[in-house]
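Below are the structure tokens for one structure; questions will follow.
All residue numbers in this chain count up from 1 along the given sequence. Read the numbers this way: they start at 1 and go in the same order the structure lists the ligands and their atoms.
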Amino acid sequence: MNNQGKILDSNSIKIRRRTLLGGAAAAAIAVVQTTFGKAMQKVVTQQELGDPTKKQGPPPGIIGTRSPFEKLGKLPSDTSSRTPLQDLFGTITPSDLHYERHHGGVPLIDPEKYELLIHGMVRKPMIFRLKDLKRFPSMSRTMFLECSGNYRGSKHTLSPQEICGLTSQSEWTGVMLSTLFREVGIDPKATWFLAEGADAAVMTRSIPIQKGWDDTMVAYAQNGEAIRPEQGYPARLVLPGWEGNTCVKWIRRIEVSDKPFMTREETSKYTEPVKGGKIRQFSFVMDARSIITYPAYPAMVEKGWIEIRGIAWSGRGKVVKVEISTNAGKTWQAALLQTPVLDKAHTGFRFLWNWNGQTTEIMSRAIDETGYIQPFYKDLLNARGGKSGYHFNPITKWVVQKNGDVYLNAESKK
Ligand SMILES: Nc1nc2c(c(=O)[nH]1)N[C@H]1C(S)=C(S)[C@@H](COP(=O)(O)O)O[C@H]1N2
Ligand SMILES: [Mo]
């Protein structure tokens with residue numbers, strides 16, 4: 001690993017050696033498949049590689065590969081993997097780094113056998129094959145997908161991936177659900193629909209019919225190619241700005257109704273205890289959030305100019321402002337937003353900071369077009385009573401220490 005450390009050290013962004021995980025690096029090398037990738041499996045040090053101008057490289061393959069020198073953050077758990085936000089640039093998440101959350105594993109579905117049934121309070125129940133879905137007018141939209149359980153904050157040594165890596169952004173392509181609604185003829189008295197997945201969890205969620213009419217997409221493509229099995233191949237729902245759990249993958253059935261179905265995912269799970277012994281249910285929309293992804297643990301910094309970078313997003317619309325504090329929240333200044341700023345999408349921000357080398361705390365807060373301001377941890381806790389981790393979007397505070405180490409100000413027990 002020493003060599004990898006050296007190569008990364010030569011970049012302006014320094015990475016601590018101890019965070020270069022043997023496991024993650026080995027995994028990165030194990031998955032490469034092209035001719036280039038196969039060649040790269042054997043040679044992973046610059047010394048072994050030799051002078052690249054003196055030797056013909058391997059020919060092209062069917063699919064490209066990622067440089068084995070690029071690390072891919074932490075290894076996944078049994079039920080989820082997280083996007084390594086601190087290692088990425090721009091706002092599109094490479095498809096193979098999209099976070100994954102499965103309740104019953106990843107089913108493999110033959111696209112020739114795939115069927116989507118829409119029935120219930122409709123004039124004409126219908127079954128759509130994948131090729132039927134693809135014949136309808138298509139739509140592409142770049143937006144984020146985020147799990148409502150996207151929060152951790154209990155240790156100083158957490159990276160953006162670990163704190164909130166259950167959010168990813170893709171350009172999704174598919175057919176609008178409203179198009180299919182018109183085909184089947186929705187009963188005007190219908191108020192909800194059930195979305196059901198074809199995985200071992202048979203994931204089901206009740207969704208207000210209006211969201212179906214507004215902007216719900218039955219997506220079959222992601223970032224220019226067919227959706228990956230992990231993301232719901234061959235088709236899934238994408239509900240812009242709404243919690244990931246409603247975006248049912250491997251979608252096989254939609255039942256139109258005049259009441260919610262009260263499934264497990266909206267009664268025992270995905271509900272939040274709030275103050276006064278009450279439970280918040282059907283909390284669909286993802287609140288505005290931001291995180292500084294550089295400098296952030298495990299990066300190290302040097303005195304002088306630092307470009308603070310990060311992403312901000314809101315399930316309620318566009319991010320209109322991101323404010324940065326470099327003095328522990330005493331004063332705030334506006335960051336530059338990367339245009340175009342898209343609706344319900346990760347938005348890049350940056351802020352030039354001349355660090356004087358003294359220990360301080362840096363943080364960002366997102367403000368969306370509804371005027372919502374991302375809250376401090378203590379305010380969220382006060383409002384919610386702290387019994388639930390769902391929809392927890394506090395300001396992330398990074399402590400920048402004199403020696404250049406960056407640590408999370410871990411305010412939470414979760
Ligand atoms: N059929 C089905 N759909 C599902 C899930 C699932 O387990 N089964 N997980 C949900 C949850 S909790 C989230 S956060 C998102 C995750 O989508 P991703 O794995 O593509 O990131 O899918 C949702 N849709
Ligand atoms: Mo989720």
Part of Glu243 with heavy atoms under 4.0 Å of ligand 1, whether side chain, backbone, both or neither: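 No part of Glu243 comes within reach of ligand 1.
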
I'd like to know whether ligand 1 has Ala201 as a neighbour, heavy-atom separation below 4.0 Å.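 The answer is no, since Ala201 has no heavy atom less than 4.0 Å from ligand 1.
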
Quick test: of every protein heavy atom, which one is nearest to atom 11 (C) of ligand 1, and how far off is it to 0.1 Å?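 Nearest neighbour among protein heavy atoms for atom 11 (C) of ligand 1, to 0.1 Å: Asn245 CA, 3.7 Å.
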
Hey, is Arg205 close enough to Glu266 for a salt bridge, meaning N to O under 4.0 Å?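 Yes, charged N to carboxylate O under 4.0 Å.
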
Both conditions, 6.0 Å and 45 degrees, for the charged tip of Lys211 above the ring of Phe284: are they met here?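 Output no; distance or angle outside limits.
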
Considering only NZ, NE, NH1 and NH2 on the basic side and carboxylate oxygens on the acidic side, decide whether Arg309 and Glu307 come within less than 4.0 Å.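 Answer for the salt bridge query: yes.
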
Among all protein heavy atoms, pick the one closest to atom 6 (C) of ligand 1 and tell me residue, atom and distance. Met203 CG, 3.3 Å

Enter the distance from Ile308:CD1 to Arg350:CZ here, rounded to the nearest 0.5 Å.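 Reported to 0.5 Å precision, the distance equals 13.5 Å.
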
Hey, is CZ on Arg264 packed in by over 12 heavy atoms from elsewhere, all under 6.0 Å? no

Can you tell which part of Cys147 has a heavy atom less than 4.0 Å from ligand 1: side chain, backbone, both or neither?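 Under 4.0 Å from ligand 1, Cys147 contributes backbone and side-chain atoms.
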
For atom 20 (O) of ligand 1, which of the options Arg101, Arg236, Glu100 provides the nearest non-hydrogen atom? Arg236

Which residue and atom name correspond to the protein heavy atom nearest atom 12 (S) of ligand 1, and how close is it? Tyr270 OH, 3.0 Å

Which of the numbered atoms in ligand 1 are below 4.0 angstrom from a heavy atom of Gly197?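 Near Gly197, meaning under 4.0 Å from one of its heavy atoms, ligand 1 has 1 (N).
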
Of all the non-hydrogen atoms in the protein, which one sits nearest to atom 15 (C) of ligand 1, and at what distance? Gly244 O, 3.5 Å

Close N or O approach (Asp199, ligand 1; < 3.5 Å): yes

Which part of Glu230 is near ligand 1, with near meaning a heavy atom under 4.0 Å away: side chain, backbone, both or neither?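 Glu230 to ligand 1: backbone contact only, side chain stays beyond 4.0 Å.
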
Proximity to ligand 1 by part of Cys247, non-hydrogen separation under 4.0 Å: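 The answer is the backbone of Cys247.
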
Looking only at heavy atoms, is any part of Thr246 under 4.0 Å from ligand 1, and if so is it the side chain, the backbone, or both, or is it neither? neither

Using 4.0 Å as the upper bound for N to carboxylate O, is an ion pair formed by Asp132 and Arg135?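 Salt bridge absent between Arg135 and Asp132.
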
Shortest protein contact, atom 14 (S) of ligand 1 (heavy atom only): Tyr99 OH, 3.1 Å

When you measure from the centre of the six-membered ring of Phe392, is the NZ or CZ of Arg384 under 6.0 Å away and within 45° of the axis? no

Top protein contact for atom 3 (N) of ligand 1, by heavy-atom distance: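 Of the protein heavy atoms, Lys249 N, 2.9 Å lies nearest.
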
Of the choices Gln231, His103, Glu196, Gln222, which has the non-hydrogen atom that lies closest to atom 7 (O) of ligand 1?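 Nearest option to atom 7 (O) of ligand 1, by heavy atoms: His103.
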
Ionic contact status for Arg365 with Glu323, cut-off 4.0 Å: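 Salt bridge: yes.
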
Other residues, nucleotides and ligands only: do more than 12 of their heavy atoms fall within 6.0 Å of CD on Glu112? no

His102 to ligand 1: N or O pair under 3.5 Å? no

Are Glu162 and Lys155 ion-paired here, with the side-chain N under 4.0 Å from a carboxylate O?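 No salt bridge links Glu162 with Lys155.
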
Donor on one side chain, acceptor on other, Thr93 and Thr83, under 3.5 Å: no

